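Taking it in order: structure first as structure tokens, then the write-up.
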Amino acid sequence: MKTIWTIAALDSAGISGISADTKVFNAFDCITCNIATAVTAQSVDQSVSLQKINAQILKDQLNVLLKKHKPDAIKMGVLVDVEQVNVIAGFLAQHQLNVPIVYDPVLSASSGLSFNQLSLQDLKPLLKFFTIITPNYDEFEWLCHKNIEQLFQTGVKAVYVKGGHHDVSQDYIVDQLCIKSEPDLYFHNIKQAKKVRATGCSFSSLLAVFLLEYPINDAITMANASLQKSIKDTHVSIDGFYILKQFSKSEDLNDFPDVSHHVLNKQQIPFELCEPLGLYPVVDSVKWIKTLAGWGVKTLQIRIKDQAGEQLEQSIKQCVEICHKHNIQFFVNDYWELAIKYQAYGVHLGQEDIQIADIEAIRKAGVKIGISTHGEMEFCIAKSIKPSYIAIGAIFPTNTKEVQVVGLDNLNKWVTILKVHYPLCAIGGIGFNNIETVLKSNVGSVALVSAICSADNPELATQKLLSYFNL
Ligand SMILES: Cc1ncc(COP(=O)(O)OP(=O)(O)O)c(N)n1
Ligand SMILES: Cc1ncsc1CCOP(=O)(O)O
Ligand SMILES: [Mg+2]
């Protein structure tokens, strides 16, 4: 069992702060330790007073817990003043805990209570310890006047600005993730028509939970999905303010955010879905395309990495002609402009490719699109485009390409979430030794290179592989 510390204020209404954090941590079967920074007198919509916990008691709480309840993650909320900042910074400097720390820099409660007026300068001793900070738009403005570089200069590594683009989108609340030296990402959650209390606290606690298990981008994705589910499922309201009661991992793709490298104003028009992909060989020459078309394969991809200019263009043109004649779902890897020019059935793009491709041009041309994914955030990037299929992999290690291996457990998990909405295919290190376990995931299609192209008898291998699919 994992232990999570919340260093935050006590809300007499039991809605936000330590109470909200504890609800989240308990829901995920974690042991919760409560380190109080203040006691507040507030109700769902009214605030009366706040009493700071003095420095010695704050120190005592931290020190006594360290002995028997070492944290696996820490969530930090209300800090009242510079004295508290220095106590916690001193503690973290002394004990190199090496655990994820999420700081939600709450300035005031939605019930109206002002917690502090801590400036960026005041917080400076602490900022380098945080894995990520999660201000809302007002807090972000207060801290750095929306100048993210100013935050990075203080040692902050990652900032997740909640609702930072609330006015710019018709369908979504848009959050912005800024990680030092990486391109910004925008997380779009569908607006829900409920006034909910303590979403900020709950989100940062969920993030602390998911950081125990996931890399930062996927943890943010999972926290968003879980919060959307919790908001959707809550029916408890006090005077019109909804209270979050239950938290769990979501397996419903509708709860997941649409993630994009730019702000989306509204949900995108879906690409037409492909027919089931079945056996999906990925090959590097016109010769292979011709041969496999002759052997009855119904989905093919040309993946050429060593041609350019006229030679490349001619190869793609010929492949389109061959596949058109054989009624094959034919995808062009990478070269979306040529796929449009020669009216291929579809393009296949990786995560880097979609950042530079003109997705709208592909959509308008009526060309289908498949997208590679290696994790939760990447499938949310794919889902924001509403593609024709989603590829998952590499499932196993492969010599064909240097690529992240995701494993069978993730395949099984992701198929459960994605299959309802998209045709899927698995790729990477798949051959006769493991195809049956891969297909047991219900993924429906397998893309492969070497199981055919490096087989002793490629025709026999193709026929045997085809027999796994009932198309
Ligand atoms: C079906 C299928 N899935 C994944 C890939 C990999 O595409 P990408 O990430 O663009 O990498 P390259 O193939 O360009 O190296 C694929 N080609 N096909
Ligand atoms: C192109 C690609 N993308 C992810 S893994 C992979 C290579 C698949 O080749 P193989 O089937 O030989 O492992
Ligand atoms: Mg590519």
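Sequential numbering from 1 along the given sequence is applied to the chain's residues. In what follows, every heavy atom counts, from backbone to side chain, and hydrogens, waters and symmetry copies are set aside. This is a predicted model, so every value here is computed, not measured. All ligand and atom numbering here is 1-based and tracks the order in the structure.
Ligand 1 has at least one atom lying under 4.0 Å from a heavy atom of Cys425. The shortest separation from a heavy atom of Gly429 to ligand 2 is under 4.0 Å, placing the residue in contact. Every heavy atom of Val282 sits 4.0 Å or more from the atoms of ligand 2.
A salt bridge links Asp255 to Lys232: at least one charged side-chain nitrogen sits closer than 4.0 Å to a carboxylate oxygen. Ionic pairing of Lys413 and Glu251 is not present here: no N-O contact between side-chain nitrogen and carboxylate oxygen is shorter than 4.0 angstrom.
Polar contact check, Gly350 against ligand 1: a nitrogen or oxygen pair lies under 3.5 Å apart. Remark: ligand 1 and Ser372 share an N or O pair separated by less than 3.5 Å (distance only, no angle test). Some N or O of Thr400 is nearer than 3.5 Å to an N or O of ligand 2, by distance alone. For ligand 2, one of its N or O atoms has an N or O atom of Ser450 under 3.5 Å away.
Side chains of Gln153 and Glu149: no donor on one and acceptor on the other come within 3.5 Å. For the residue pair Ser169/Asn265, the side-chain donor-acceptor check at 3.5 Å is not satisfied.
Of all protein heavy atoms, the one closest to atom 1 (C) of ligand 2 is Arg303 NE, 3.5 Å. Looking only at protein heavy atoms, the nearest one to atom 1 (C) of ligand 1 is Tyr280 CE1, 3.5 Å. Among protein heavy atoms, atom 11 (O) of ligand 1 sits closest to Lys401 NZ, 2.8 Å. Ile427 CG2, 3.8 Å is the protein heavy atom nearest to atom 4 (C) of ligand 2. Protein heavy atom closest to atom 11 (O) of ligand 2, with residue, atom name and distance, is Val449 N, 2.8 Å. Ranking the protein heavy atoms by distance from atom 5 (S) of ligand 2 puts Gly428 CA, 3.7 Å first.
Aromatic ring centroids of Phe331 and Tyr345 lie under 6.0 Å apart. Here the two rings, on Phe187 and Tyr160, have centers that are under 6.0 Å apart. Note: His348 and Tyr389 meet the aromatic proximity criterion, with ring centroids under 6.0 Å apart.
Heavy-atom contacts of Lys401 reach the following atoms of ligand 2: 1 (C), 2 (C), 3 (N) (cutoff under 4.0 Å). Remark: ligand 2 atoms within the under-4.0 Å shell around heavy atoms of Leu448 are 11 (O). Each of the atoms 12 (P), 14 (O), 15 (O) of ligand 1 lies under 4.0 Å from some heavy atom of Lys305.
Asp353 has its closest N, O or S atom to the Mg ion (ligand 3) at the position named OD2. The nearest N/O/S atom of Asp334 to the Mg ion (ligand 3) is OD1.
Other residues, nucleotides and ligands place more than 12 heavy atoms under 6.0 Å from the CG atom of Asn433.
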